[in-house]
Engineer: 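Take this structure first; my questions come after.
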Amino acid sequence: MTANEMAQADELERLLSRVALRDQSALEALYSACAGRLNGIARKLVHDPDLANDVLQETFLQIWHKAGEYRRDLGEPMTWMTSILRYRTLDRLRADQREKKRREQYQEVRALFPESQASSPLSELLNEANGARLGLCLNQLELPRRNAILMAYYYGFSREDIASQLEQPVNTIKSWLRRSLVRLSECLAP
């Protein structure tokens with residue numbers, strides 16, 4: 001390591017120490033010093049500038065929370081931050097893949113039961129004046145929870161079937177349904 005690289009690593013370590021003390025100006029300085037390089041790495045990993053920017057933001061949020069855990073004897077500051085970026089990127093890609101799979105499964109389920117839409121109690125409600133309001137409230141739910149609600153109350157799936165389709169534990173599905181119904185009732189309340 002050259003003297004210049006050592007000086008840069010020392011400065012990054014000093015900034016991380018200040019970030020650990022919740023010094024926002026240190027975080028800004030750290031961001032200015034490292035964001036370009038980290039964003040370049042993220043772009044190479046995800047091939048999408050918007051996603052790379054999102055991952056970079058998540059990385060700096062984690063650096064903000066975890067700066068006190070950094071130890072120079074275990075690695076250089078840039079190496080530590082790059083590993084955080086790498087894990088954030090992998091987590092994000094996995095989550096996006098799971099969400100894409102869930103959307104595809106939901107579309108498959110909808111294709112399996114096109115006629116049931118016309119005769120379900122929920123479809124009748126959707127066709128009434130309050131239907132527009134219910135539609136707006138449903139759209140406020142996160143997609144996996146909305147899918148669970150629709151699968152349960154629109155298509156008549158059991159909790160076990162929903163858990164299987166959404167690749168979640170049954171207890172998670174029960175919790176999603178219960179909380180989503182509460183949110184829907186609050187949204188629909190006059």
Engineer: What is the minimum heavy-atom distance between Ile173 and Gln168, and which atoms define it?
Structural biologist: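 The pair with the smallest heavy-atom distance is CD1-CB, 3.9 Å.
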Engineer: side-chain contact (heavy atoms from CB on, under 4.5 Å), that's the test. Do Lys174 and Leu177 meet it? Break it down for me.
Structural biologist: CA-CA 5 Å; Lys174 289 178 183 177; Leu177 292 172; 5.9 Å; no
Engineer: Should Val170 and Tyr155 be regarded as members of a common hydrophobic cluster, given that ILVMFWY residues are connected when their side-chain heavy atoms come within less than 4.5 Å of each other, either directly or indirectly?
Structural biologist: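 Not linked; separate clusters.
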Engineer: May I ask you to test the Leu85-Asn39 pair for a side-chain heavy-atom distance under 4.5 Å?
Structural biologist: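 Leu85 does not reach Asn39 side chain to side chain.
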Engineer: Roughly how far, to the nearest 0.5 Å, is CE of Met151 from CZ of Arg146?
Structural biologist: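 The CZ atom of Arg146 sits 14.0 Å away from the CE atom of Met151.
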Engineer: Which heavy atom of Val19 sits nearest a heavy atom of Ile63, and at what distance?
Structural biologist: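 Here Val19 and Ile63 meet closest at CG1-O, 4.1 Å.
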Engineer: Is it true that atom CZ of Arg179 has more than 12 heavy atoms of other residues, nucleotides or ligands lying nearer than 6.0 Å?
Structural biologist: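 At most 12 heavy atoms, drawn from other residues, nucleotides or ligands, come within 6.0 Å of this atom.
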Engineer: Are the charged groups of Arg98 and Glu167 less than 4.0 angstrom apart, N to O?
Structural biologist: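 So Arg98 does not pair with Glu167 through a salt bridge.
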Engineer: List the steps, then state whether salt bridge (charged side-chain N to carboxylate O under 4.0 Å, His left out) holds for Asp48 with Arg43.
Structural biologist: CA-CA 6 Å; Asp48 178 344; Arg43 283 182 182 210; over 6 Å; no
Engineer: If we only count heavy atoms from C-beta on, is the Gln97 to Lys100 side-chain gap below 4.5 Å?
Structural biologist: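 Side chain of Gln97 against side chain of Lys100, heavy atoms only: no contact under 4.5 Å found.
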Engineer: Measuring from atom CD of Glu13 to atom CZ of Arg18, what distance do you get when rounded to the nearest 0.5 angstrom?
Structural biologist: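 Result: 13.5 Å between the selected atoms.
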Engineer: Measuring from Leu143:CG to Leu150:CG, what's the distance to the nearest 0.5 Å?
Structural biologist: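 So the gap between those two atoms works out to 9.5 Å.
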Engineer: Between Arg86 and Thr82, do the side chains contain a donor N or O and an acceptor N or O under 3.5 Å apart?
Structural biologist: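 Note: Thr82 and Arg86 side chains miss the donor-acceptor criterion.
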Engineer: Any donor-acceptor pair under 3.5 Å linking the side chain of Glu5 with the backbone of Thr2?
Structural biologist: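 Here the side-chain-to-backbone pair exists.
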Engineer: Is there side-chain contact between Glu11 and Leu15, with heavy atoms separated by less than 4.5 Å?
Structural biologist: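 Yes, close enough: below the 4.5 Å cut-off.
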Engineer: With rounding to the nearest 0.5 angstrom, report the CZ to OG distance, Arg159 to Ser175.
Structural biologist: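 Here the rounded value is 11.0 Å.
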Engineer: Run the salt bridge (charged side-chain N to carboxylate O under 4.0 Å, His left out) check on Arg183 and Glu142 step by step: do they pass?
Structural biologist: CA-CA 11 Å; Arg183 285 185 58 196; Glu142 297 83 14; 3.4 Å; yes
Engineer: Hey, does Leu61 have a side-chain heavy atom less than 4.5 Å from the side chain of Arg88?
Structural biologist: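 No; the side chains remain at least 4.5 Å from each other.
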Engineer: Checking the side chain of Arg145 only, and the main-chain atoms of Trp176 only, is there a donor and an acceptor separated by less than 3.5 Å?
Structural biologist: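 Checked: no pair found.
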Engineer: Do we see a donor-acceptor contact under 3.5 Å between the side chains of Ser164 and Asp161?
Structural biologist: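 On atom types as modelled, these side chains do not qualify, holding no pair under 3.5 Å.
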Engineer: Kindly say whether Ala26 contributes a backbone atom to a donor-acceptor pair with the side chain of Tyr31 at under 3.5 angstrom?
Structural biologist: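 The answer is no, because no donor-acceptor pair under 3.5 Å joins these two groups.
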Engineer: Out of curiosity, Leu93 CG to Leu51 CG, how far, rounded to the nearest 0.5 Å?
Structural biologist: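 Rounded to the nearest 0.5 Å, the CG-CG separation comes to 6.0 Å.
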Engineer: Could you tell me whether Arg22 sits above the aromatic face of Trp64, with NZ or CZ closer than 6.0 angstrom to the six-membered ring centre and within 45 degrees of the axis?
Structural biologist: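 Positive - Arg22 is close enough to the ring of Trp64 and near enough to its axis.
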Engineer: Does the pair Ser25 and Asp23 meet the rule for a side-chain hydrogen bond (donor to acceptor under 3.5 Å, both in side chains), with working shown?
Structural biologist: CA-CA 6 Å; Ser25 63; Asp23 183 339; 2.6 Å; yes
Engineer: Identify the two heavy atoms, one from Cys34 and one from Phe60, that lie closest to each other, and give their separation to 0.1 Å.
Structural biologist: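 Here Cys34 and Phe60 meet closest at CB-CZ, 4.3 Å.
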Engineer: Evaluate Asn147 against Leu141 for side-chain contact (heavy atoms from CB on, under 4.5 Å), listing each step before the verdict.
Structural biologist: CA-CA 9 Å; Asn147 288 348; Leu141 298 174; over 6 Å; no
Engineer: Could you tell me which non-hydrogen atom of Ala148 sits nearest to which non-hydrogen atom of Ile162, and how far apart they are?
Structural biologist: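 Of all heavy-atom pairs spanning Ala148 and Ile162, the closest is O-CD1, 3.7 Å.
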Engineer: What's the separation between atom OG1 in Thr79 and atom CZ in Arg72, rounded to the nearest 0.5 Å?
Structural biologist: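 Between Thr79 OG1 and Arg72 CZ, I get 10.0 Å after rounding to 0.5 Å.
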Engineer: Kindly give the heavy-atom pair with the smallest separation between Ala67 and Trp80, and that separation in Å.
Structural biologist: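 For Ala67 versus Trp80, the nearest heavy atoms are CA-CH2, 3.9 Å.
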Engineer: Side-chain contact test, heavy atoms from C-beta onward, threshold under 4.5 Å: evaluate it for Thr59 versus Tyr87 and give yes or no.
Structural biologist: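 Side-chain contact under 4.5 Å: no.
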Engineer: Which heavy atom of Leu16 sits nearest a heavy atom of Pro77, and at what distance?
Structural biologist: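 Between these two residues, the closest heavy atoms are CD1-CB, 3.9 Å.
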Engineer: Is any side-chain heavy atom of Arg92 less than 4.5 Å from a side-chain heavy atom of Thr89?
Structural biologist: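 In short, these two side chains do not touch, never coming nearer than 4.5 Å.
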Engineer: Please assess Met81 against Leu30 for the test side-chain contact (heavy atoms from CB on, under 4.5 Å), listing each intermediate value before the final yes or no.
Structural biologist: CA-CA 11 Å; Met81 290 185 286; Leu30 187 66; 4.0 Å; yes
